[in-house]
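To keep things clear, I will list the structure first and then write my remarks on it.
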Amino acid sequence: MSKRPAIIDTDVAGDDAIAILTAMHYFDVKGITVCGGNVDFDQEVENALFTVDLYQPDHDVPVYKGAEKPLLKIGEEKHETVEYIFGPNGMGNVEMHPVDRQVHEGHAVDFIIDTAHELNGELELLAIAPLTNIALAFQKDPTILPLIKHLYIMGGANNTLGNATPAAEYNFYTDPEAAKLVLKSGVPMTMVDWRMCMDYGVMDEADEAEIVDTPNKGTKFYQDITALAKEHDMKVNGSAGITHTDSLMIAIAYDNSLMLECPEFYVDVETHGEITRGYSSVDRTNLLGQPANVRVCEVVDHERFKQMMHEVLHAIPD
């Protein structure tokens, strides 16, 4: 069976890199589009190039620069980055050798639009960053909306504690206007939220031992780039290990059977609240009377996800 075509939209740091490796293993990745988010934008681009090279040094998966800032950030205004979680280079301070790979010309938004038209209904979007690039593509050319086969989003918090603020998950908090626009686009979509990932996407010490049971280039990379984030997750979030939000979303996108419960709800995003900006409202009881617009993943087969992680990392050539 041929691999399904997809674009990864990412702000490469930590688990984003593992998610890219997962997507390259299971999908026909047409390109990687970079969005401002976790760390310095140019560092994210370097991280994307390095990760692609790690997996397939001889294969050209194009990397495109996209929006460096959220929709409403202008001039010198910056959004909050999180080097304190992932380290200054976003990769747990792993020493990255220079790679003979360059960013492709053109803007990420145009690449998304052009690829959607080219694939005419077969393109899947794998969004593991703030949704700025996706929103801009939908705004610039609304004719691609019916051409997106499915949009998978790592973002939001299903009416529960966030990780950027008590009310909001980082990707939605960083650009809630983009998230709101995308959620209202009518494109078929699945949301993999922060709290669900805390329940089913955490690899504790026993899980990690199984994943890296036979050391190789992939398992070493995995342990090196997740060490700092693992320490943060355990100290700040009270998790039992490293939380894999982005990798879990990619795994779900490839194999929907990982989702043991995935009801559909009306989901919206708060953009004006003084203390709730970025809050994702999941209308579980239909109090708002709006039609469902998002499939919300709520329960996942953790053991199967762990097996997939093992498979991906051990497929990376030494």
Side-chain angles (χ1 to χ4, degrees), residues 3-68 81 83 86-116 118-119 123-130 132-134 137 216-226 228-229 246-247 249-250 253-254 309 312-318:
K3 293 183 177 180
R4 290 144 46 200
I7 290 174
I8 311 169
D9 190 66
T10 177
D11 53 346
V12 192
D15 188 45
D16 293 74
I18 305 301
I20 290 173
L21 297 177
T22 305
M24 292 178 66
H25 184 78
Y26 291 115
F27 286 89
D28 175 12
V29 178
K30 296 300 183 182
I32 297 171
T33 53
V34 181
C35 179
N38 282 321
V39 295
D40 176 78
F41 183 78
D42 288 336
Q43 183 65 61
E44 292 179 354
V45 174
E46 290 300 314
N47 293 346
L49 295 170
F50 180 86
T51 304
V52 171
D53 200 73
L54 176 79
Y55 191 78
Q56 293 182 327
D58 300 323
H59 183 59
D60 182 26
V61 175
V63 174
Y64 291 88
K65 290 184 177 182
E68 297 189 29
T81 55
E83 286 87 354
F86 300 112
N89 72 351
M91 303 285 265
N93 293 327
V94 169
E95 184 177 350
M96 299 190 299
H97 61 268
V99 297
D100 186 20
R101 188 179 293 272
Q102 302 296 319
V103 175
H104 276 236
E105 294 185 5
H107 197 278
V109 169
D110 295 318
F111 172 70
I112 293 170
I113 291 170
D114 292 344
T115 307
E118 178 186 341
L119 294 178
L123 177 64
E124 296 178 57
L125 296 177
L126 311 176
I128 54 176
T132 317
N133 285 336
I134 309 297
N216 75 336
K217 187 176 181 179
T219 59
K220 183 180 187 307
F221 179 70
Y222 169 83
Q223 289 182 299
D224 286 346
I225 70 167
T226 59
L228 282 180
D246 302 322
S247 301
M249 194 223 73
I250 300 295
Y254 171 71
M309 293 283 286
V312 168
L313 295 174
H314 286 79
I316 297 173
D318 286 320

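Only heavy atoms go into these numbers, but all of them, side chains included; no hydrogens, no water, no symmetry mates. Residues: numbered from 1 along the sequence shown. Since this is a predicted model, take the numbers as computed values, not measurements.
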**Prompt:** In Å and rounded to the nearest 0.5 Å, what is the OG1 to CD1 distance from T10 to I20?
**Reply:** 4.5 Å

**Message:** Tell me whether N47 contacts the main-chain N or O of N89 through its side chain, where contact means a donor paired with an acceptor under 3.5 Å.
**Reply:** yes

**Nearest heavy atoms of C35 and A129, plus distance in Å** = CB-CB, 4.2 Å

**Request:** Determine the minimum heavy-atom distance between D11 and G37, stating which atoms define it.
**Result:** OD2-CA, 3.4 Å

**Message:** What I'd like to find out is whether the side chain of T226 reaches to under 4.5 Å of the side chain of D15, using heavy atoms alone.
**Reply:** no

**Request:** Side-chain contact test, heavy atoms from C-beta onward, threshold under 4.5 Å: evaluate it for T33 versus F111 and give yes or no.
**Result:** yes

**Request:** Measure up the F27 and Y254 rings against each other and bin them: parallel (under 30°), tilted (30 to 60°), perpendicular (over 60°).
**Result:** perpendicular

**Request:** Give a yes-or-no answer on whether the side chains of H25 and Y55 include a donor-acceptor pair shorter than 3.5 Å.
**Result:** yes

**Asked** Is the backbone N or O of K3 less than 3.5 Å from a side-chain atom of D28, with the two atoms forming a donor-acceptor pair by type?
**Response** no

**Request:** Would you indicate whether the side-chain heavy atoms of D40 and T81 approach each other to under 4.5 Å?
**Result:** no

**Message:** Quick check for you: to the nearest 0.5 Å, what is the distance between H107 atom NE2 and I112 atom CD1?
**Reply:** 9.0 Å

**Message:** To the nearest 0.5 Å, what is the distance between CD1 on I8 and CG on L126?
**Reply:** 6.0 Å

**Message:** A side-chain contact here means heavy atoms from C-beta on lying under 4.5 Å apart; do K65 and D42 qualify?
**Reply:** yes

**Fill in**
In this structure, CE of M24 is separated from CD1 of I316 (nearest 0.5 Å) by 9.0 Å

**Request:** Check whether any side-chain N or O of E44 sits under 3.5 Å from a backbone N or O of A13 as a donor-acceptor pair, and report yes or no.
**Result:** no

**Request:** Start with the C-alpha gap between Y64 and V109, add the side-chain angles, then the distance that decides, and say whether side chain to side chain contact (heavy atoms under 4.5 Å, CB included) holds.
**Result:** CA-CA 9 Å; Y64 291 88; V109 169; over 6 Å; no

**Prompt:** Tell me, do L125 and D9 make a side-chain contact under 4.5 Å, heavy atoms counted?
**Reply:** no

**Item:** D246 side chain vs I18 backbone, donor-acceptor pair below 3.5 Å
**Value:** no

**Asked** Is there side-chain contact between M91 and E46, with at least one heavy-atom pair below 4.5 Å?
**Response** no

**Request:** To the nearest 0.5 angstrom, please state how far the CD atom of E124 sits from the CD1 atom of I7.
**Result:** 11.0 Å

**Item:** Where P5 and L119 come nearest, the two heavy atoms and their spacing
**Value:** CB-CD1, 3.6 Å

**Taking every non-hydrogen atom, the tightest pair across I225 and A17** = CD1-CB, 3.8 Å

**Prompt:** How close do A108 and G66 get, heavy atom to heavy atom, and via which atoms?
**Reply:** CB-CA, 3.5 Å

**Request:** Verify the neighbour count for atom CG of D100: are there more than 12 heavy atoms of other residues, nucleotides or ligands below 6.0 Å?
**Result:** no

**CG-OG distance between L21 and S247, expressed to the nearest 0.5 angstrom** = 8.0 Å

**Request:** Using atom types as modelled and distance alone, determine if a side-chain donor or acceptor of N133 lies under 3.5 Å from a backbone N or O of A67.
**Result:** yes

**Message:** Please find the pair of heavy atoms, one from A48 and one from I32, that lie closest to each other, and give the distance.
**Reply:** CB-CG2, 4.4 Å

**Item:** Working for side chain to side chain contact (heavy atoms under 4.5 Å, CB included), residues V12 and Q43
**Value:** CA-CA 8 Å; V12 192; Q43 183 65 61; over 6 Å; no

